[in-house]
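A quick write-up on the structure given underneath.
Since we're looking at a predicted model, the values are computed, not measured.
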Amino acid sequence: MAKVAIVGATGKVGQYAALSISRIPYVNEVQLYGRPGSESVLDGVARDLIDSFAATGTDSHVSWSCNIEDLKGSDIIVLTAGVARKPDQSRLDLAVENAKIVADFSQKIGRIAPDSFLMMVTNPVDIMTHVALKYSGKKPNEVFGLGTHLDSMRLKSAIASFFQVHVSEVHTRIIGEHGDSMVPLWSATTIGGIQISNLPSFAQVPIDDIMQQVKSSGQKIIASKGATVWGPGEAIATLIRTILGNENRILTVSAYIKAEVHNIGDVCIGVPARINRSGVYPVPIRIEPLEVRNFQNSVEKIRGITREIFSVLENGE
Ligand SMILES: NC(=O)C1=CN([C@@H]2O[C@H](COP(=O)(O)OP(=O)(O)OC[C@H]3O[C@@H](n4cnc5c(N)ncnc54)[C@H](O)[C@@H]3O)[C@@H](O)[C@H]2O)C=CC1
Ligand SMILES: O=C([O-])CC(=O)C(=O)O
């Protein structure tokens, strides 16, 4: 059984993640962490969560704290703390402000919970994952981010809807940045086990429209209801269940790569990774030449901004 802590638990994503995580059978403690001053909100979130348990039969302990030392003993810490973008902002606009928050928490988490996994949600998530890796002092397989798994879910829904098939019949992935330079892998997309380009109707797929829809999904939801919550909240729970259940599923997460994708590396970015109780292991893959070029561009963009952010953190602005 495991303790999962959420840092940023008073926020929209943190609150829904608490609910989705509490329903994972391997979790026996959900800890809600918030900044000093957020005691009353945390208490309310905990009570509301516990009220739901009678309906779902959930048997989990809920605790809350504003004392960072209480993260001790966590098996997984989910970091959702930080600012969220406004509809007219890019995720990258949040980089400097959130990097300071993430670096500070990661340093503390590295000391207080050295054996925990650290899952990054705060945006821009690929860069924040690298900040968390560096400042926590944890191993690369212990630090990962919710990146293009969510984009892959969005693409999967769009493809299932176009072909009018159940989502479980669609396997697909988006790799690269959780942002504009994301790269769909059509070469790794199947419907009912058939490679998508072998289906005659593939020629009718409005690929550009679908990718535009996937890329703008977060922004559209933020513009209309203020935040994306249920998509990311469920995706967070899937990743945690995969670790705690030692499931060895291959999911696309932001992880540190060295040379797994055509020798491109030294960056945290969305890649397929085998995930189990020991952590997150990027899978060596070979993809089509155009996909390699697009991935290389995405990597160069994220690596460049990550370096700038490291320099800001080290030297100040
Ligand atoms: N990776 C992904 O797929 C997704 C990432 N996100 C990101 O998650 C983050 C949280 O989003 P929401 O929950 O919608 O935002 P929110 O504004 O509802 O919650 C933010 C949380 O961070 C805390 N926080 C803010 N500034 C802080 C600081 N200086 N120190 C400590 N804690 C601080 C707040 O107290 C609150 O608990 C954002 O960066 C957002 O962009 C959101 C959805 C999906
Ligand atoms: O779009 C945002 O800012 C939140 C997010 O990352 C997503 O839902 O994909």
- prompt: Could you give the distance from OG (Ser136) to CZ (Phe117), rounded to the nearest 0.5 Å?
  reply: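 Here the rounded value is 12.5 Å.
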
- prompt: Ring centres of Phe310 and His130 under 6.0 Å apart?
  reply: yes

query: Taking the six-membered ring of Trp230, is the NZ or CZ of Lys12 close enough (under 6.0 Å from the centre) and on axis enough (within 45°)?
result: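 Not flagged: Lys12 not positioned over aromatic ring of Trp230.
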
Has [X] got a side-chain atom pairing as donor or acceptor with [Y]'s backbone, closer than 3.5 angstrom?
| X | Y | result |
| --- | --- | --- |
| Asn141 | Val280 | no |
| Asn98 | Asn123 | yes |
| Gln219 | Pro87 | yes |
| Asn198 | Ile194 | no |
| Thr80 | Val7 | yes |
| Ser224 | Ile221 | yes |
| Gln204 | Phe202 | no |
| Gln195 | Ser197 | yes |
| Glu300 | Asn297 | no |
| Arg249 | Asn276 | no |

message: Under the criterion side-chain contact (heavy atoms from CB on, under 4.5 Å), I'd like the reasoning laid out for Asn294 against Ser181: C-alpha separation, chi angles, the key distance, then a yes or no.
response: CA-CA 8 Å; Asn294 291 340; Ser181 69; over 6 Å; no

Between [Y] and [X], does any NZ, NE, NH1 or NH2 come within less than 4.0 Å of an OD or OE carboxylate oxygen?
| X | Y | answer |
| --- | --- | --- |
| Arg307 | Asp266 | yes |
| Glu314 | Lys134 | yes |
| Asp104 | Lys108 | yes |
| Arg241 | Glu247 | no |
| Asp70 | Lys3 | no |

Does any donor atom in the side chain of [X] or [Y] lie under 3.5 Å from an acceptor atom in the other side chain?
| X | Y | answer |
| --- | --- | --- |
| Arg173 | Ser152 | no |
| Thr56 | Thr58 | yes |
| Lys138 | Ser116 | yes |
| Asp151 | His178 | yes |
| Glu291 | Ser187 | yes |
| Asp126 | Ser254 | yes |

I'd like to check [X] versus [Y] (side-chain heavy atoms, cut-off strictly below 4.5 Å). Are they in contact?
| X | Y | result |
| --- | --- | --- |
| Thr172 | Leu185 | no |
| Ile275 | Phe144 | no |
| Trp186 | Leu155 | yes |
| Lys72 | Asp115 | no |

Please determine whether residues [X] and [Y] belong to a single hydrophobic cluster, defined as Ile, Leu, Val, Met, Phe, Trp and Tyr linked transitively by side-chain heavy-atom distances below 4.5 Å.
| X | Y | result |
| --- | --- | --- |
| Val30 | Tyr16 | yes |
| Val312 | Val125 | yes |
| Leu49 | Val229 | yes |
| Ile21 | Val45 | yes |

task: Could you tell me which residues satisfy salt bridge (charged side-chain N to carboxylate O under 4.0 Å, His left out) with Asp43, sequence neighbours excluded, listed by chain and number?
output: Arg47

message: Going by side chain to side chain contact (heavy atoms under 4.5 Å, CB included), Val253 matches just one of Thr148, Leu239, Val271. Which one?
response: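 Single side chain to side chain contact (heavy atoms under 4.5 Å, CB included) partner of Val253 among Thr148, Leu239, Val271: Leu239.
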
message: How about CG on Asp59, more than 12 heavy atoms from neighbouring residues, nucleotides or ligands closer than 6.0 Å, or not?
response: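 Not more than 12 within 6.0 Å, no.
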
- request: Report the C-alpha distance between Leu79 and Ile109 in whole Å, list the side-chain angles of each, state the deciding distance to 0.1 Å, and finish with yes or no for side-chain contact (heavy atoms from CB on, under 4.5 Å).
  value: CA-CA 10 Å; Leu79 218 161; Ile109 288 167; 4.1 Å; yes

Val4/Glu29 under side-chain contact (heavy atoms from CB on, under 4.5 Å): CA gap, chis, key distance, verdict: CA-CA 6 Å; Val4 179; Glu29 179 173 355; over 6 Å; no

